[in-house]
Amino acid sequence: MKIKPFIIVLILVGLIGLALWTSKQEAQPKDRNASRGTFSAVEENGRTGLKPGNKVPDFTIMALNGEKVSIKDYRGKKVILNFWATWCPPCRKEMPDMQKVFNQYEEKKLEILAVNLRYTEKSTDSVSEFVKERKAAFPILLDTDGTVSKKFQAVSLPTSYLIDSKGIIQKKIIGPLSQNLMIDFAEKAK
């Protein structure tokens with residue numbers, strides 16, 4: 001019995017579709033609350049890296065105000081490490097919510113570190129003007145050569161890491177942060 005080419009193509013298309021559907025299901029967050037923008041804590045695993053449970057990799061970078069900033073200086077505080085650019089529409093959209101959450105939770109030891117991809121910007125002055133217009137009071141860090149954004153795999157903007165007070169990555173978010181998720185993190189993280 002001879003199998004017709006049409007049937008072979010149909011079987012191949014079905015197998016490819018099944019593989020794509022299976023990989024999409026595996027990529028879905030195991031924590032169903034993650035897709036709703038809520039926070040649930042992850043336990044430390046003893047490794048340094050970018051996955052939830054890992055200790056955040058150290059870096060030192062220059063801030064817009066001229067000071068050197070190291071992530072390890074923020075141990076004891078919950079940190080939202082946000083990678084952004086002025087030309088990024090979702091970054092522009094999330095900045096006011098970040099400022100509101102920062103104002104509300106600064107006393108509760110929450111810090112927002114906004115790492116601007118300076119190497120993609122027209123000038124440092126344009127970043128400064130953007131920050132001033134939006135009255136952003138949290139630290140603005142300048143990644144002048146892409147070293148930090150590459151280290152943190154910030155390919156799509158915005159990309160954020162939620163880091164607990166012990167320096168453990170709790171969550172990585174690609175895309176804009178919701179105000180509810182930031183508040184939930186500020187309230188529930190250690």
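Values below: every heavy atom of this structure, side chains too, minus hydrogens, waters and symmetry copies.
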(message) Restricting to non-hydrogen atoms, name the atom on Asn45 and the atom on Pro52 that form the minimum distance, rounded to 0.1 Å.
(response) ND2-O, 4.0 Å

(message) Applying the side chain to side chain contact (heavy atoms under 4.5 Å, CB included) criterion to Pro158, which one of Arg92, Met95, Glu94 satisfies it?
(response) Glu94

(message) Just by distance, no angles: are the side chains of Asp58 and Ser70 close enough, under 3.5 Å, to form a donor-acceptor pair?
(response) yes

(request) If you link ILVMFWY side chains whenever their heavy atoms are less than 4.5 Å apart, which other residues fall into the same cluster as Ile174? By chain and number, please. (result) none

(request) Please determine which of Val115, Ile169, Thr159, Val148 meets the side chain to side chain contact (heavy atoms under 4.5 Å, CB included) test together with Leu81. (result) Val115

(message) Taking atom NZ as the centre, does Lys172 end up with more than 12 heavy-atom neighbours from other residues, nucleotides or ligands that are less than 6.0 angstrom away?
(response) yes

(request) Please confirm whether the backbone N or O of Val79 pairs with a side-chain atom of Glu111, one donor and one acceptor, at under 3.5 Å? (result) no

(request) Report yes or no: does Tyr161 contribute a side-chain atom to a donor-acceptor pair with the main-chain N or O of Phe152 at less than 3.5 Å? (result) yes

(message) Quick check against the 3.5 Å criterion: does Lys78 have a side-chain atom that pairs as donor or acceptor with the backbone of Ala189?
(response) yes

(message) Do Val155 and Phe83 make a side-chain contact, defined as non-hydrogen atoms from C-beta onward lying under 4.5 Å apart?
(response) no

(message) Quick one, Ile173 and Leu162 - any side-chain contact, counting heavy atoms below 4.5 Å?
(response) yes

(request) State, to 0.1 Å, how close Thr48 and Pro57 come at their nearest heavy-atom pair, and which atoms those are. (result) CG2-CA, 3.9 Å

(message) If you count every heavy atom of other residues, nucleotides or ligands that lies below 6.0 Å from Lys109 atom NZ, does the total exceed 12?
(response) no

(message) Between Arg118 and Glu121 (side chain of the first, backbone of the second, donor and acceptor by atom type, cut-off under 3.5 Å), is there such a pair?
(response) yes

(request) Specify the closest pair of heavy atoms between Ser160 and Asn82, including all atoms of both residues, with the distance to one decimal. (result) OG-ND2, 2.7 Å

(request) In sequence, state the C-alpha distance, the side-chain angles, and the governing distance for Phe102 and Met182, and then conclude on side chain to side chain contact (heavy atoms under 4.5 Å, CB included). (result) CA-CA 9 Å; Phe102 178 74; Met182 289 185 276; over 6 Å; no

(message) For the backbone of Thr147 and the side chain of Asp143, can you confirm whether one donor and one acceptor N or O come within less than 3.5 Å of each other?
(response) yes

(message) Suppose clustering is done on Ile, Leu, Val, Met, Phe, Trp and Tyr with side-chain heavy atoms closer than 4.5 Å. Which residues sit in the same group as Met62?
(response) none

